[in-house]
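Since the structure is predicted, the reported quantities are computational estimates derived from the model, not experimental observations.
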Amino acid sequence: MEKVQATVENQYFEALTKIIACCGDPTEHFGVEGLNSVISRRLNWDYGAYKKLKRVIKRNKDRLKQGFVIFPYGIQGKIARYILEKEHRMSPNYIVDNGLAGKEDGIISLEEFKSIGDVTVLLCSDREDIYHEIRRELCKVVQFERIIDAMSPSAYYDPDIYFEPSVYRLGDCQYPRISALELASREVYINRVGGVIAEVGVYKGIFASCMNRLFPEREFHLFDTFEGFDDRDIDDNETAWSGEFRTVAPLNDSTEEEVLNFIDYERGIIHKGYFPDTTKGIPDKKYAFVSLDTDLYKPIKAGLEYFWPRMANGGYIFVDDYGHKFLQGVNQAVSEFVREHHVSYVRVNDGVDSTAILQKPLVD
């Protein structure tokens, strides 16, 4: 079965590259009506990968001339090799793929790659389901600075992505808050906003994983009790605002280890305990992006009070659940803060609730 699948993939790749060489965008050439809908979506997606890989390779061609490997060797890896050989007359020193090592000539495993030494790795995968696993494994054998993450949605690797549509997905669906995060990250890079990133209220690390992907080189501070809501944040007002929600969703079933599985390159710094007490001892830093997702009035207000003076010019704070019917303390905290400090903000619809977005002016 594996041999049949590999043969089909190879035949598909050969057809794709022939279409690109002759016609450009395959869906424009054949028309969507002329293709099976599944094939049409696949061709459209892979042609998008071709355009993205072409941009990233062109930007990094001088660096790749010094020697590189392609990892892994799925469709994106094959498209990258096609671009490099056909358009730049460059060939990889090695192809690295654990699944194909020993099955196809010239392909080695990550374990074999360890002995090769420092060389640039052109990382060619958009597989969200294995993203963190393959990057953790890769970073055991090569320094972060040696990696070009060619399929990354981050403007760190692909500044020319700025005018492309927002494409970041959570599972199988587009998620407005994550789409807004993606676009905000592009502004951070195009405006050269310095600073680290942070999230308060990490829970299982889903949004943190998106932040990690979009700010791949930034130090990342993660604040959470990892024990659910703290009694010090619960008073009569909070009971009225969120009592029903907290009964249904105590959010006390996450661990530091679970969260760090989503954070690559050993950049994640966990601050476990009661916020804002956990900020004590942290050297003064500038922040480029902060997510506040604690659900309750006191930690949201404390987060705004702590981070706003430390935001770099052009930096963003996202406050989740601003419009949540059963978490009205969040709305209260933001509303008080923006009035007290004369801060402007915008509200982004999440479909279920909404996020408040505050941005520090680019110029004081």
Side-chain angles (χ1 to χ4, degrees), residues 166 168 170 173-188 197-211 214-215 221-225 228-230 233-251 254 275-276 279 287-311 314-361:
S166 170
Y168 205 93
L170 179 65
C173 62
Q174 192 78 13
Y175 191 47
R177 183 162 67 114
I178 294 177
S179 183
L181 165 65
E182 181 180 4
L183 296 179
S185 74
R186 295 180 186 180
E187 298 298 325
V188 165
I197 61 175
E199 182 169 43
V200 186
V202 178
Y203 189 41
K204 290 183 178 290
I206 301 301
F207 194 72
S209 72
C210 300
M211 291 173 61
L214 291 163
F215 298 99
H221 292 263
L222 301 123
F223 299 84
D224 204 294
T225 65
F229 300 111
D230 193 292
D233 291 328
I234 311 301
D235 56 17
D236 290 343
N237 286 333
E238 193 59 64
T239 298
W241 286 327
S242 65
E244 183 177 342
F245 176 88
R246 286 183 288 106
T247 300
V248 175
L251 307 182
S254 65
F275 183 89
T279 63
Y287 292 83
F289 186 91
V290 173
S291 167
L292 301 179
D293 188 7
T294 62
D295 301 339
L296 308 181
Y297 169 84
K298 285 185 180 179
I300 291 292
K301 188 72 179 291
L304 291 168
E305 296 284 2
Y306 177 79
F307 286 108
W308 185 252
R310 294 171 173 82
M311 296 305 295
Y316 291 86
I317 296 179
F318 276 31
V319 185
D320 192 31
D321 300 315
Y322 174 74
H324 200 300
K325 182 179 180 180
F326 300 109
L327 296 172
Q328 292 186 31
V330 176
N331 182 286
Q332 183 72 19
V334 173
S335 299
E336 287 179 6
F337 180 83
V338 297
R339 286 196 298 266
E340 291 165 2
H341 297 272
H342 310 289
V343 175
S344 298
Y345 70 101
V346 295
R347 179 178 178 178
V348 175
N349 179 25
D350 273 0
V352 178
D353 43 58
S354 58
T355 296
I357 301 176
L358 292 67
Q359 184 185 22
K360 204 71 176 283

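With a 4.5 Å cut-off on side-chain heavy atoms, D224 and V200 do not count as touching. Counting heavy atoms from C-beta on, the side chains of M211 and F289 come closer than 4.5 Å. Counting only heavy atoms from C-beta outward, the side chains of D235 and K298 approach each other to under 4.5 Å. Counting heavy atoms from C-beta on, the side chains of W308 and V343 come closer than 4.5 Å. Within the 4.5 Å cutoff, no side-chain heavy atoms of L358 are placed close to those of Y316. Here the side chains of C210 and L181 are in contact, with some heavy-atom distance below 4.5 Å.
Residue D293 forms a side-chain contact (heavy atoms from CB on, under 4.5 Å) with just one option from V330, D321, I300, and that option is D321.
Taking CD of E238 as the reference point, atom CG of D233 lies at 7.5 Å (rounded to 0.5 Å). Taken from CZ in F207 to CG in D320, the straight-line distance is 7.5 Å, to the nearest 0.5 Å. Atom CG of N331 and atom CG of D353 lie 11.5 Å apart (nearest 0.5 Å). Interatomic distance, CG of D230 versus CG of L296, reported as 9.5 Å (0.5 Å rounding). Summarising the geometry, atom OH belonging to Y297 is positioned 8.5 Å from atom CG belonging to N237; distances are rounded to the nearest 0.5 Å.
The aromatic rings of F307 and Y287 stand perpendicular to each other, their planes meeting at an angle above 60°, with 30° marking the opposite boundary.
In plain terms, the two heavy atoms of R347 and S354 that are nearest each other are NE-OG, 2.8 Å. Pairing each heavy atom of L304 with each of A333, the nearest pair is CD1-O, 4.2 Å. The shortest non-hydrogen separation linking A208 to V202 is CB-CG1, 4.3 Å. Summarising the geometry of T355 relative to R177, their closest heavy-atom pair is OG1-CD, 3.0 Å, with the distance given to 0.1 Å. Taking both residues in full, the closest heavy atoms of F275 and A302 are given as CE2-C, 3.8 Å, listed atom of the first, atom of the second, then distance. Minimum heavy-atom separation, S185 to F215: CB-CZ, 3.5 Å.
A cation-pi arrangement, defined by a distance under 6.0 Å to the six-membered ring centre and an angle within 45 degrees of its axis, is present between R310 and Y306.
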Under the side chain to side chain contact (heavy atoms under 4.5 Å, CB included) criterion, do S335 and Y322 qualify, and how do the steps go?
CA-CA 9 Å; S335 299; Y322 174 74; 3.8 Å; yes
Please assess T239 against I234 for the test side chain to side chain contact (heavy atoms under 4.5 Å, CB included), listing each intermediate value before the final yes or no.
CA-CA 6 Å; T239 298; I234 311 301; 3.7 Å; yes
Show your working on side chain to side chain contact (heavy atoms under 4.5 Å, CB included) between M311 and V290 and close with a plain yes or no.
CA-CA 9 Å; M311 296 305 295; V290 173; 3.8 Å; yes
Please evaluate residues I357 and V348 with respect to the criterion side chain to side chain contact (heavy atoms under 4.5 Å, CB included), reporting the C-alpha separation (whole Å), side-chain torsions for both, the decisive distance (0.1 Å), and the verdict.
CA-CA 7 Å; I357 301 176; V348 175; 3.3 Å; yes
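Side-chain polar atoms of Y345 and Q359 form no donor-acceptor pair below 3.5 angstrom. There is a side-chain donor-acceptor pair under 3.5 Å between E336 and Q332.
The existence of a salt bridge linking E340 and K301 is confirmed by a sub-4.0 Å separation between a basic side-chain nitrogen and an acidic carboxylate oxygen.
Judged by distance alone, the side chain of S291 and the main-chain N or O of E199 form no donor-acceptor pair under 3.5 Å.
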